[in-house]
Protein chains: 2
Amino acid sequence: MIRLTKQADYGIVLMTYLARIPNRHFAAPELATETRLPLPTVSKILKLLAREGLLESHRGAKGGYSLVRPPDRISVADMISVLDGPIAFTECIEDAPGVCSQESICQLRGNWQLINQAVRLALEGISLSELNHPLDIPLVQLGVPGDQADPRSLDH
Amino acid sequence: MIRLTKQADYGIVLMTYLARIPNRHFAAPELATETRLPLPTVSKILKLLAREGLLESHRGAKGGYSLVRPPDRISVADMISVLDGPIAFTECIEDAPGVCSQESICQLRGNWQLINQAVRLALEGISLSELNHPLDIPLVQLGVPGDQADPRSLDH
DNA sequence: TCAAACAGGACCAGGTTGGTCCTGTTTCGG
DNA sequence: CCGAAACAGGACCAACCTGGTCCTGTTTGA
């Protein structure tokens, strides 16, 4: 189905919310009520984001979470990597030989890399701050190759 | 985990194999032995690809499958759409209101579209024939935004 | 006429995800 | 100095989806 997991989905929603006021910190219960997501889930995701270094946590009463760097320096790729693991459509990852049973006969290694890389680059091109101001993103940054009409992209 | 399903994975492998000799047609058993994938699975996937219009099937003895159009006019996006459903990282798809329970409060609709679109464009930019000749693909087509160094893409 | 190959389902086991809960530990405020 | 609010880090389980097989037609070349 090629979906993000809900964990990543919710995580990006939460990050986007935090990015509105980058320097404030927000407690998990507050974010849960604001986003109307269940608290245990929100809490779990925030903990993960903190552990992985995208959020800073402040313990104790009046604690909470805040962004660890400015939102324009956090990419969608960063968040998805943390929440859903490395961005790779297939198991053919360069530094993991032996994962793919077809390895010896598969002629496609380099090609999968290409696909993976294309997706990764596309996602690295969108920053958290741009998610809050979607209109600012130039199309070229989204991976639109020039203005050459592409005969391949049919309807879906 | 953001993986393609194995169905899509295998499907692309099979399509790539077919694309080597675009006009020939290949029987499922032949493809199964060539790719060393189990026949029932290969058969299932080929049937799907045929039903969805990416392959042409020839029934009867000496039957088989062949590409329905030249490999440079079949994009990776085409194949993934058929094998794994529409390319959308999240359920926020434009013509499906009501799917997302957060709809009324979610400020992100437009933004998810952006992410989905970026991925879709990246995958539309790679054709089946390029998968067989990976070196031919210019980087810009992969979505690399000019040569502006991107400070967001840190290590992973 | 037979065998090879496609068509279209039904079917099931296993793994992953989504979500909850529980037991610490830290820290602010009164 | 104490208690409540919040974070930390797991364990845990149900539900769903995927991966894969198999079976019964139908078509067609030799």
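Residue numbers start from 1 in every chain, and the chains themselves are labelled A, B, ... in the order their sequence lines are given, proteins ahead of strands. Predicted model, so just to flag it, every value in this text is computed and none were measured.
- Ion pairing of E30(A) with R24(A) is present here, as a side-chain N (NZ or NE/NH1/NH2) and a carboxylate O approach within less than 4.0 Å.
- Between E30(B) atom CD and dA4(C) atom C1' the separation is 14 Å, expressed in whole Å.
- Distances shown here put every side-chain N or O of S57(B) at or beyond 4.0 Å from the OP1 or OP2 atom of dA5(C).
- Contact annotation: side chain of K6(B) to base of dG19(D), donor-acceptor pair absent below 3.5 Å.
- Put simply, CD1 on I2(A) is 16 Å from P on dC17(D), counting in whole angstrom units.
- D84(A) has no carboxylate O lying under 4.0 Å from a charged side-chain N of K6(A), or vice versa, which leaves the two without a salt bridge.
- S75(B) and D78(B) form a side-chain donor-acceptor contact under 3.5 Å, judged by distance and modelled atom types alone.
- Considering only side-chain N and O atoms, Y10(A) lies nowhere under 4.0 angstrom from the phosphate OP1 or OP2 of dT17(C).
- Relative to the side chain of T41(A), the nucleotides dT21(D), dG19(C), dT25(C) differ in distance, and dG19(C) lies closest.
- In this structure, the CD atom of E52(B) is 11 Å from the P atom of dG8(C), given to the nearest Å.
- Checking L39(B) against K44(B), the closest nucleotide of DNA chain C that is more toward the 5' end is the one next to L39(B).
- In this model, the phosphate group of dG9(D) is approached by a side-chain N or O of R51(A) to a distance below 4.0 Å at OP1 or OP2.
- Between H25(A) atom NE2 and dT27(C) atom C1' the separation is 11 Å, expressed in whole Å.
- Nearest nucleotide to the T5(B) side chain, out of dG18(C), dT20(C), dT18(D): dT18(D).
- Tested against F89(A) for a side-chain contact (heavy atoms from CB on, under 4.5 Å), the candidates V76(B), I12(B), L4(B), D9(B) yield a single pass: L4(B).
- Which of dG9(D), dG18(C), dG9(C) sits closest to the side chain of K47(B) comes down to dG9(C).
- Counting to the nearest Å, the C1' atom of dG19(D) and the CZ atom of R3(B) are 16 Å from each other.
- Contact check for I87(A) versus N116(A): no side-chain heavy atoms found under the 4.5 Å cut-off.
- Going from atom NE2 of H58(A) over to atom C1' of dA6(D) covers 12 Å, rounded to whole Å.
- The residue among A8(B) and Y65(A) whose nearest nucleotide of DNA chain D is located toward the 5' end is Y65(A).
- For the pair L46(B) CG and dT21(D) P, the interatomic distance rounds to 14 Å; values are reported in whole Å.
- Minimum atom distance to the side chain of Q7(A) is reached by dG18(C), of the listed dA7(C), dG18(C), dA6(D).
- Rounded to a whole Å, the CZ atom of R59(B) is 6 Å from the P atom of dT27(D).
- In this structure, P29(B) and L4(A) both approach DNA chain C, and ranking their closest nucleotides by distance from the 5' end singles out P29(B).
- When distances are taken from the side chain of A61(A) to each of dC7(D), dT27(C), dA7(C), the shortest belongs to dT27(C).
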